[in-house]
Each structure stands twice: as C-alpha cells, then as structure tokens.
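When a ligand or atom number is given, it counts from 1 through the structure's own listing order. Note that the structure is a prediction, hence the values are computed from the model and not measured.
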Amino acid sequence: MTRLLTFGAFDLLHYGHMRLLERIAARGGHLLVGLAGDDLIAAKGRPPFYPYAVRREMLLHTRYVDEVVLHDGAIDGTGRVKLVAAKIALVREMAVDEVVMGDDWRGEYDFLESVCRVTYLERTPGISTSLIRQSL
Ligand code: CTP
C-alpha cells in the first residue's frame, strides 16, 4: 500500500485543508500527517489557536487521515521550510513513498526527492488559517 505524507499546522481546520486532504487520500493508500508541534508553530510566528492534541484529534476525525505524527524540534535553516533533516528522517522512518503539499510550497519540498516522490496540488484560493484569525 502506498504511504502518503503531508506536512502542516492544520490549525482552525478549514475547507482548504479538507479539500487538500481529500485529494491526497483519493490517490489511494495510507495517509500520514506530519503535524507541526506547538513550539514549532510558535517559533515561526505565533502559537496555534488549537493545541497539538486538538489539531491531531480533528484530523483523525476526518475520513481522510489514517495517522498523525508529531513534527517538531528546534528551528533550523533560514528558508520557509524548517527542520529539513527531521523531515528526511521522518520520511525514512515512516517508509513514505510520496510527500504531497499544496502548491504554495511548490519547489520547497524538492529536497525530499532523494528519499521519496514529491507532488504539489493546487491550493484552494480565498481561505487560510491566517485569514480566519484576522477576520475574527
Ligand atoms: N492548503 C490548501 N489550501 C488552502 C490552505 C492550505 O491547500 N486554502 C494546504 C497548504 O498548501 C498545506 C496544507 O494545506 O499543504 C497545510 O497548510 P497550513 O499552513 O496548515 O494552512 P494555512 O491555512 O495555509 O495556514 P496559514 O494561513 O497559517 O499559512
């Protein structure tokens, strides 16, 4: 069975997230989410609205996600993608065949091509966690 992995914060789970997860799951296989830990999100800007345990619970309540694994650690690198070594280690450890991300990340996960396939799917326009937080 194909093992699929996507990374993200998935805070204030919204229809953009759901549409991405639906399309990843439709590829068939076991879908893992490398869910950013609270400290990692806080280090990138501001803490999440929902803590890790709640974000994990909500993902597992969707019909798309099979498994959630913690993705956390001390911030490294200067680019938008953090914890590069941890991402490579997770792909290896979880025997991942393909990493799938929204295309706002296009190119930024290409470093994983040495360990698995990397695919970008179209991001849903007009919705994001940041937008919800600002609007509220
Ligand atoms: N995503 C998407 N469509 C959206 C929002 C997010 O396909 N409208 C995808 C992203 O491309 C990413 C995944 O969902 O692959 C997780 O994104 P995340 O950063 O957790 O959500 P955002 O809503 O983009 O959060 P933020 O506003 O904090 O960047």
Under 3.5 Å, sequence neighbours excluded: what are the donor-acceptor pairs made by side chains of residues 84-104?
| unit_1 | atom_1 | unit_2 | atom_2 | d |
| --- | --- | --- | --- | --- |
| K87 | NZ | H71 | NE2 | 3.0 |
| K87 | NZ | K82 | O | 2.7 |
| D97 | OD2 | R3 | N | 2.6 |
| E98 | OE1 | R27 | NE | 3.4 |
| E98 | OE2 | R27 | NH2 | 2.8 |
| E98 | OE2 | T119 | OG1 | 2.5 |
| D103 | OD1 | R123 | N | 3.1 |
| D104 | OD2 | R123 | NH1 | 2.9 |

Do any pairs count as a ring pair (Phe, Tyr, Trp, His ring centres under 6.0 Å) and have a residue in residues 85-107, sequence neighbours left out, and if so which ones?
W105-Y109

Hey, does the side chain of D11 reach the backbone of F49 with a donor-acceptor pair shorter than 3.5 angstrom?
yes

Is a donor on one side and an acceptor on the other found under 3.5 Å between the side chain of R19 and the backbone of T124?
no

Which pairs of donor and acceptor atoms, one on a side chain in residues 58-66, lie under 3.5 Å apart (sequence neighbours left out)?
| unit_1 | atom_1 | unit_2 | atom_2 | d |
| --- | --- | --- | --- | --- |
| H61 | ND1 | E57 | O | 2.7 |
| T62 | OG1 | L59 | O | 2.7 |
| T62 | OG1 | Y64 | N | 3.3 |
| T62 | OG1 | V65 | N | 3.4 |
| D66 | OD2 | L31 | N | 2.7 |

Verify, without hydrogens or angle tests, whether R23 (side chain) and E122 (backbone) share a donor-acceptor contact under 3.5 angstrom.
yes

Residues with a heavy atom under 4.0 Å from ligand 1, by chain and number, are A9, F10, H14, G16, H17, L20, M101, G102, D104, W105, R123, T124, I127, S128, T129, S130

